[in-house]
Amino acid sequence: MRARGSMDIVRITLIVVGVVCSILIVWQLRSFILMVFAAVLFAVIFQAAAAPVSRWTKLPHGVSLTLAVALLLAAVGFILLLFGSQFSVQMQSLFSQLPAAWSLFKTRTGLLDLDRQILVQLQEMAPNGGAVLSAVGSLLGGIGAALSGLLLSLVAGIYIAAQPQRYLDGLVASFPYRHRANVREALIAAGTALRKWLVGQLVAMTLVGLLAGVGLWLLDVPSPLALGLIAGLLEFVPVAGPFASAVPAILLALAVGWEKAAMVALLYFGIQQIEGNLITTLVQQQSVDLPPALTLFALVAFGLLFGLLGVLLAAPLTVCLYVWVKKLYARDTLASSTA
């Protein structure tokens with residue numbers, strides 16, 4: 001009995017050590033894992049673009065994927081050809097006007113020493129100033145790492161989209177045999193939900209960008225194309241993105257007066273009401289109905305864990321995790337559809 005008890009203790013100890021080591025390994029590889037997910041995200045986009053090409057032309061999957069990628073690149077090139085110079089000029093104008101708009105904001109609000117107060121707060125958090133410089137360097141390094149990681153994931157996404165079944169089979173094969181059917185079902189369901197979410201999100205980003213650009217143009221706010229592009233792109237980031245996109249527009253409008261700034265704020269508020277009550281509702285009917293609080297907490301959690309790239313990918317990560325939880329752990333208690 002003692003020998004058996006000793007063996008049980010050894011087995012439990014080994015299991016605990018194995019779990020702890022696995023968690024540490026995953027933590028060390030967290031950036032790599034996020035890049036892999038980004039590659040899968042790009043693969044889903046390419047797959048969604050290749051599906052109608054394959055259906056209409058009856059061509060093999062590889063040829064359809066090549067045509068779809070070529071068409072996407074051609075569309076981007078065409079847009080840049082038509083509006084690239086205007087976007088470039090307006091972006092330069094936007095960034096050149098923002099410092100003056102910020103100064104005017106401090107003057108109009110009576111917060112002339114706002115910069116000094118912020119600097120004092122930073123110095124109190126880091127008396128020697130080293131931590132502030134380190135934080136700025138980390139932020140710049142994080143942006144560079146995120147961009148390079150997304151570029152690598154883009155290339156990897158093309159390879160995954162070319163042979164999706166091969167990578168799916170390989171991933172499923174890494175699980176115990178008795179769980180493989182459920183894991184395969186959950187992965188396929190997550191891929192379907194992710195594809196529908198991405199299509200809906202692309203529609204939302206396009207409409208928000210158009211509404212913001214046209215609305216700002218009608219309000220005679222400087223750089224409406226650039227601000228509309230920013231609003232459309234930041235729409236991909238839930239909760240925080242729409243608020244961040246409104247800040248430069250309101251600052252520029254404040255240079256004209258409080259009335260203009262209030263009109264711009266109402267414009268962005270109206271756009272978000274349309275997006276939240278109409279566009280998002282239609283998207284969620286076809287995809288995953290994510291609770292807003294869950295999305296907000298996921299944004300904060302993935303931002304703390306993975307940095308800037310985690311913020312960018314928080315929403316699609318939450319979609320996948322939400323479907324996996326429902327499929328693998330709560331399918332008997334949650335009756336709502338996951339696809």
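We use all heavy atoms of the structure for the numbers below, so side chains are in, but hydrogens, waters and symmetry mates are not.
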Specify the closest pair of heavy atoms between [X] and [Y], including all atoms of both residues, with the distance to one decimal.
{"X": "Thr318", "Y": "Ala298", "result": "OG1-CB, 3.1 Å"}
{"X": "Ala314", "Y": "Leu299", "result": "CB-CA, 3.8 Å"}
{"X": "Gln201", "Y": "Phe236", "result": "NE2-CA, 3.7 Å"}
{"X": "Gly228", "Y": "Ala212", "result": "CA-CB, 4.2 Å"}
{"X": "Thr57", "Y": "Val53", "result": "OG1-O, 2.5 Å"}
{"X": "Val323", "Y": "Ala193", "result": "CG2-CB, 3.8 Å"}

Side chains of [X] and [Y], heavy atoms from C-beta outward: is any pair under 4.5 Å?
{"X": "Tyr268", "Y": "Pro242", "value": "no"}
{"X": "Leu227", "Y": "Leu252", "value": "yes"}
{"X": "Phe302", "Y": "Leu313", "value": "no"}
{"X": "Trp197", "Y": "Thr192", "value": "no"}

Answer yes if [X] and [Y] sit in the same cluster of Ile, Leu, Val, Met, Phe, Trp and Tyr residues linked by side chain heavy atoms under 4.5 Å apart, and no otherwise.
{"X": "Phe42", "Y": "Leu171", "value": "yes"}
{"X": "Leu41", "Y": "Leu202", "value": "no"}
{"X": "Val214", "Y": "Leu266", "value": "no"}
{"X": "Val44", "Y": "Leu321", "value": "yes"}
{"X": "Phe243", "Y": "Val237", "value": "no"}

To the nearest 0.5 Å, tell me how far [X] [atom1] sits from [Y] [atom2].
{"X": "Leu65", "Y": "Gln47", "atom1": "CG", "atom2": "CD", "answer": "7.0 Å"}
{"X": "Gln272", "Y": "Ile274", "atom1": "CD", "atom2": "CD1", "answer": "9.5 Å"}
{"X": "Ile230", "Y": "Leu225", "atom1": "CD1", "atom2": "CG", "answer": "11.0 Å"}
{"X": "Met263", "Y": "Ile250", "atom1": "CE", "atom2": "CD1", "answer": "13.0 Å"}
{"X": "Ile45", "Y": "Ile158", "atom1": "CD1", "atom2": "CD1", "answer": "11.5 Å"}

What verdict does the side-chain contact (heavy atoms from CB on, under 4.5 Å) test give for Leu168 and Ile188, after you've listed the backbone C-alpha separation in whole Å, the side-chain angles of each residue and the deciding distance to 0.1 Å?
CA-CA 9 Å; Leu168 176 62; Ile188 293 175; 4.2 Å; yes
Of Asn182, Val172, Val40, which meets side chain to side chain contact (heavy atoms under 4.5 Å, CB included) against Leu187?
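It is Val172, the one option of Asn182, Val172, Val40 that forms the side chain to side chain contact (heavy atoms under 4.5 Å, CB included) with Leu187.
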ILVMFWY clustering at 4.5 Å (side-chain atoms), partners of Phe297
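Reading the cluster by chain and number, Phe297 sits alone, since nothing else belongs.
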Passes side-chain contact (heavy atoms from CB on, under 4.5 Å), Phe269 versus Val264? Steps please.
CA-CA 9 Å; Phe269 178 78; Val264 170; over 6 Å; no
I'd like to know if the side chain of [X] and the backbone of [Y] have a donor-acceptor N/O pair within less than 3.5 Å.
{"X": "Ser153", "Y": "Met35", "value": "yes"}
{"X": "Ser54", "Y": "Ala51", "value": "no"}
{"X": "Lys260", "Y": "Leu219", "value": "yes"}

Any salt bridge (Lys or Arg N to Asp or Glu O under 4.0 Å) pairs touching residues 164-173, not counting sequence neighbours?
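Counting only pairs at least two positions apart or across chains, the salt bridge (Lys or Arg N to Asp or Glu O under 4.0 Å) contacts touching residues 164-173 are Asp169-Arg184.
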